[in-house]
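The structure appears right after this line, and notes come after that.
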Amino acid sequence: MFAAERRQLILEMVRANGAVSLRELARVVQTSEVTVRRDVRALEAEGLLDRRHGGAVLPGGFTRESGFPQKSHLATAEKTAIADLAANFVEEGEAIVVGAGTTTQELARRLARVPGLTVVTNSLLVAQALAHANRVEVVMTGGTLRGSNYALVGSGAEQSLQGLRVSRAFLSGSGLTAERGLSTSNMLSASVDRALVQAAAEVVVLADHTKLGTDTMFQTVPTDLVTRLVTDEPPAHDDRAATELQALADQGVQIAVAGASGSPGGDAVPARHQQQRRDVPLPAPRRGQVPGAASGLRAGSVLGEQPPGAGRARVADLRRR
């Protein structure tokens with residue numbers, strides 16, 4: 001494929017999806033990420049798109065929301081790894097809320113095996129994934145169906161969450177920054193997500209590395225309310241995503257990184273970063289925080305957490321030097 005053809009295809013993908021990772025672009029145009037990065041730079045110089053952390057977005061600073069068909073084919077391997085790791089933070093007999101999104105849908109498929117679980121959701125996709133789980137009770141919110149992401153939104157959804165109290169909320173979104181927190185491109189979705197947050201003692205955000213550093217129009221969860229981020233390991237060249245992770249950890253967010261190998265009992269830090277570590281103080285627990293992320297993670301690594309009484313924890317400095 002000639003450079004002009006590659007760049008035209010890259011531009012069409014970004015216009016169709018709003019935001020696309022370099023990894024996904026390289027897969028579609030069947031070339032290396034180095035070549036794709038060069039193409040993206042050239043398209044940015046022409047004002048046709050903007051570069052972001054490990055990907056490209058529509059020009060103008062804020063990405064628009066993609067529809068479900070586009071989202072379901074983006075970063076599928078990363079979403080699977082994130083869902084595998086996030087499921088470890090759910091315990092038997094818990095009551096949780098799970099928001100709308102393709103990553104939370106992947107999580108729901110794994111929650112079907114957790115006995116005694118109660119899941120409150122505004123997502124038809126999450127409810128469908130749990131529909132045949134005979135040991136899981138599913139509670140749907142009211143509201144108006146938003147067809148682009150199969151979620152219930154509006155005043156009916158928000159009112160049905162009033163007076164609800166659960167241990168954890170699992171949310172996704174369109175972007176996450178240390179400065180502004182989790183955000184989305186739709187006002188109605190943002191309002192329901194904020195109501196889900198109000199119902200939970202802890203907030204767990206599920207976001208792959210392409211969303212790190214991306215800012216969208218409506219804030220849903222400010223950084224100081226995010227208890228934990230579950231993400232995948234950024235590519236070696238993605239310095240900005242790594243810097244964003246460290247900034248989130250510095251603000252007190254516990255970072256759980258899904259390991260590429262998926263092997264049980266993995267290292268506390270991904271292997272290629274083991275020589276780039278520094279100590280930072282672990283923040284004090286937030287008021288109202290519920291302890292009890294399930295111990296003994298089957299896969300992945302956790303940054304910013306410590307055993308009781310440890311006082312300090314070693315946090316990976318993911319910034320490449």
Side-chain angles (χ1 to χ4, degrees), residues 17-24 50-58 61-66 71 74-75 78-79 81-83 85-86 89 97-107 149 168-187 189-194 196-197 200 202-235 238-258 283 286 300 302-304 315-316 318-319:
N17 298 299
V20 187
S21 70
L22 291 177
R23 187 180 301 172
E24 185 71 11
D50 289 341
R51 283 187 298 159
R52 285 294 182 270
H53 306 219
V57 302
L58 291 174
F62 294 103
T63 62
R64 70 171 177 83
E65 186 179 37
S66 305
K71 287 182 178 180
L74 292 175
E78 291 86 347
K79 291 173 183 175
I82 289 168
L85 181 54
F89 296 106
V97 295
V98 179
T102 52
T103 310
T104 51
Q105 180 188 23
E106 286 295 323
L107 171 64
N149 65 345
R168 294 181 181 87
F170 291 85
L171 299 176
S172 188
S174 301
L176 178 67
T177 65
E179 179 181 359
R180 195 157 171 257
L182 188 67
S183 61
T184 188
S185 303
N186 181 265
M187 181 173 62
S189 296
S191 294
V192 176
D193 282 353
R194 285 193 287 267
L196 292 172
V197 169
E202 289 186 359
V203 177
V204 181
V205 171
L206 312 182
D208 65 76
H209 72 273
T210 64
K211 297 179 180 179
L212 298 177
T214 298
D215 200 3
T216 52
M217 191 171 295
F218 299 99
Q219 183 191 58
T220 56
V221 189
T223 306
D224 61 351
L225 292 183
V226 177
T227 308
R228 177 178 285 110
L229 165 65
V230 184
T231 187
D232 62 299
E233 186 181 358
D238 195 349
D239 293 339
R240 293 190 214 174
T243 301
E244 199 74 43
L245 278 180
Q246 187 63 50
L248 287 162
D250 289 344
Q251 292 197 36
V253 179
Q254 298 173 3
I255 313 294
V257 181
R286 297 189 178 97
V302 180
L303 309 181
V315 176
L318 296 176
R319 290 173 290 192

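Side-chain atoms are counted along with the backbone in the values below, which use heavy atoms only and exclude waters and symmetry mates. As the structure is a prediction and not an experimental result, all values here were calculated from the model.
Going from atom CG of L206 over to atom CZ of F89 covers 10.0 Å, rounded to the nearest 0.5 Å. Once rounded to the nearest 0.5 Å, the distance linking NE2 of H209 with OG of S21 reads 5.5 Å. To the nearest 0.5 Å, atom CG of residue L107 and atom CG of residue L171 are 11.0 Å apart. Taking CZ of R240 as the reference point, atom CZ of R51 lies at 5.5 Å (rounded to 0.5 Å).
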- Please assess K211 against S172 for the test side-chain contact (heavy atoms from CB on, under 4.5 Å), listing each intermediate value before the final yes or no. CA-CA 10 Å; K211 297 179 180 179; S172 188; 3.3 Å; yes
- Task: Would you sort out whether V226 and L248 count as a side-chain contact (heavy atoms from CB on, under 4.5 Å), showing the intermediate values?
- Result: CA-CA 9 Å; V226 177; L248 287 162; over 6 Å; no
- Message: Is there a side-chain contact (heavy atoms from CB on, under 4.5 Å) between L182 and L225? Walk through the geometry before answering.
- Response: CA-CA 10 Å; L182 188 67; L225 292 183; over 6 Å; no
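Nearest heavy-atom pair, Q254 versus R228, reported as atom, atom and distance to 0.1 Å: OE1-NH2, 2.7 Å. Residue T220 comes nearest to S183 through the heavy atom pair OG1-N, 3.9 Å, listed as atom of the first residue, atom of the second, then distance. Nearest heavy-atom pair, T231 versus A207, reported as atom, atom and distance to 0.1 Å: OG1-O, 2.7 Å. Here the closest heavy-atom approach between residue T104 and residue G99 is recorded as OG1-O, 2.8 Å. In terms of heavy-atom proximity, P234 sits nearest to A242 at CG-N, 4.3 Å. Contact record, A190 with F218: CB-CB, 3.7 Å, taken as the closest heavy-atom pair.
In summary, of the residues considered (L176, D239, T214, T177), a side chain to side chain contact (heavy atoms under 4.5 Å, CB included) with E244 occurs for T177 alone. Under the side chain to side chain contact (heavy atoms under 4.5 Å, CB included) rule, V221 has a single partner from T227, D193, V203, L196, which is V203.
With Q219 contributing its side chain and G181 its backbone, the two residues share no donor-acceptor pair below 3.5 Å. Panel note: side chain Q251, backbone A178; a donor-acceptor pair is recorded below 3.5 Å.
With hydrogens and angles left out, the side-chain atoms of T210 and D208 include a donor and acceptor closer than 3.5 Å.
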